[in-house]
Amino acid sequence: MLRFETAGESHGECLVATLTGLPAGIPISIDSINHELWRRQQGFGRGGRMKIETDRAEVVSGVRHSHTIGSPIALIVRNSDWKNWTENLPVEGGDPALRKPVSRPRPGHADLAGAIKYDFPDARYILERASARETTVRVAIGALAKQFLQQFGIGVLSHVIAVGSERLGRNASWDELVELSKKTEVLLGCVDPEAEQRFKAVVDQAFRTGDTVGGVFEVVAHGAPPGLGSHIAWDTRLDGRLAQAIVSMQAVKGVEVGFASDGAAAFGSQVQDTIHYNKEDHSFFRGANRAGGLEGGMTNGQDIVVRGLLKPISTLRRPLESVDLETREPSAAAYERSDVAVVPAAGVIGEAMVAIVIAQAMLEKFGGDSLGETKRNFDNYLEQVKNF
Ligand SMILES: Cc1cc2nc3c(=O)[nH]c(=O)nc-3n(C[C@H](O)[C@H](O)[C@H](O)COP(=O)(O)O)c2cc1C
């Protein structure tokens, strides 16, 4: 079983992650991990924190001579901001006067529920862990999963299809996503320049008015074979597992597999993907891909398409109503340097989560302690599919 864990706080020394279960022999490039980390930091609408950080992964175990060795992989991403917090958040003791309490919980954050649950007088320790800074190492782990999937011709990319109420309004091809992923400057992660300008105008408006804005990102996995996941039990259904992975992301409040919400408003004849057969190359093909590559909880060989619906960022420069935890009097919510819009970055995190879930499903189906063994099992299965 492929499994990962993360640790670390927003303003602590570093973020840490471990990944257990990758077979030995997978070529690993640290540059590729760092490139994914760079992509997570991009996008118009990010706050000052992203100017402080230049995220870099340090792999400290499980990879030797640029290949996995089958043992747990551990990696670290250091927080450059830590140097500004060493006295405020020391591991031991420290001067109580230097603490930075968050006593006016921010609506839409873990602040109040977390302070009550863990019985803290203020929300500092809660926001430190609830922060999406944690997703830095999810992206690093996702980059490892991507390098594994690459060995089987599977790619995972994303794009932004809505910001606020503005929408892209058309489908994007895989080639367009590949081109988008090669850009060295990221505005709002949209394949269409005209739509991207409309997205930018919405973010501009949020900046001007001290507000924030959300949106929708779409993650596409290309090249997956049919038969990953299974219809046989609730927790083997890959659509459910992808949904959990996406909604586990900070600020993601909804998920769509394929064209779910459009489909719910249409008739069946307009939604299901018709089945056809090519007698020349003996293969099945579909009239469309509205199911997002998943039927009965299994991949069907088409692109896997999953969308994440991101709420607007909870911390507003124009703070919302809250209550002071000390005085219990009405008070404006705390403000701490914050992003205004993060939809392209969320897309990159979504890619990582999808890559991890697909890598898990691949290893469940094909197993193997070495890449060679996994590949042999995979190739055998492809032969079975071809001869079906
Ligand atoms: C990439 C990314 C960056 C984020 N940056 C911020 C931020 O700067 N300020 C903020 O208030 N929330 C930010 N969020 C959202 C919060 O982390 C999230 O809303 C909060 O932890 C509460 O969790 P929930 O919205 O899932 O309930 C960000 C989310 C993502 C995905």
Side-chain angles (χ1 to χ4, degrees), residues 6 8-12 15 36-53 55 77 79 81 100 102 104-118 123-143 158-160 162-163 186 188-189 203 206-207 210-219 243-255 306-320 322 332-354:
T6 72
E9 287 109 35
S10 182
H11 300 102
L15 298 148
E36 294 297 304
L37 294 178
W38 175 84
R39 290 180 65 224
R40 196 199 76 97
Q41 293 196 273
Q42 304 309 302
F44 181 64
R46 303 306 301 272
R49 179 74 187 270
M50 287 305 105
K51 293 193 182 83
I52 297 176
E53 303 293 344
D55 293 331
V77 176
N79 285 325
D81 210 6
K100 289 190 178 175
V102 177
R104 292 166 291 127
R106 298 157 306 162
H109 270 288
D111 297 4
L112 181 57
I116 293 171
K117 177 176 162 66
Y118 289 89
R124 166 56 63 197
Y125 299 144
I126 302 301
L127 76 88
E128 285 296 324
R129 179 60 186 163
S131 159
R133 181 82 188 131
E134 180 259 349
T135 60
T136 309
V137 278
R138 294 203 207 188
V139 168
I141 294 295
S158 68
H159 64 129
V160 173
V163 173
V186 178
L188 281 157
V203 181
F207 266 123
D211 218 320
T212 60
V213 68
V216 184
F217 60 86
E218 181 174 273
V219 180
Q244 203 250 322
I246 294 290
V247 178
S248 78
M249 290 168 51
Q250 292 83 343
V252 173
K253 293 292 136 192
V255 63
V306 188
R307 295 170 169 183
L309 283 66
L310 202 69
K311 76 177 183 184
I313 295 292
S314 312
T315 309
L316 273 70
R317 218 174 60 235
R318 187 159 47 96
L320 297 171
S322 183
Y335 178 76
E336 207 154 274
R337 190 186 44 221
S338 187
D339 295 319
V340 165
V342 297
V343 202
V348 175
I349 303 159
E351 289 174 33
M353 294 311 294
V354 167

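As the structure lists them, so they are numbered: ligands from 1, and atoms in each ligand from 1.
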Give me the one residue out of S322, P105, S314 that meets side chain to side chain contact (heavy atoms under 4.5 Å, CB included) with D111.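 Output: one option passes, namely P105.
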S10-E128 side chain donor-acceptor pair, cut-off 3.5 Å: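 Side chains of S10 and E128: no pair found under 3.5 Å.
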Sequence-distant partners of [X], side chain to side chain donor-acceptor pair (under 3.5 Å), two or more places apart:
X	result
S338	none
R317	none
Q250	E134

Show the short N or O contacts, below 3.5 Å, that ligand 1 makes with protein N or O atoms; if there are none, say 'none'.
unit_1	atom_1	unit_2	atom_2	d
ligand 1	5 (N)	D339	OD2	2.9
ligand 1	8 (O)	S338	OG	3.3
ligand 1	8 (O)	D339	N	2.8
ligand 1	8 (O)	D339	OD2	3.2
ligand 1	9 (N)	S338	OG	2.7
ligand 1	11 (O)	H109	NE2	2.6
ligand 1	11 (O)	T315	N	3.1
ligand 1	11 (O)	T315	OG1	2.4
ligand 1	21 (O)	A130	O	3.2
ligand 1	25 (O)	A251	N	3.3
ligand 1	25 (O)	K311	NZ	2.9
ligand 1	26 (O)	A251	N	2.9
ligand 1	26 (O)	K253	NZ	3.4
ligand 1	27 (O)	K253	NZ	2.9

In Å and rounded to the nearest 0.5 Å, what is the CZ to OG1 distance from F207 to T212?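 Result: 11.0 Å between the selected atoms.
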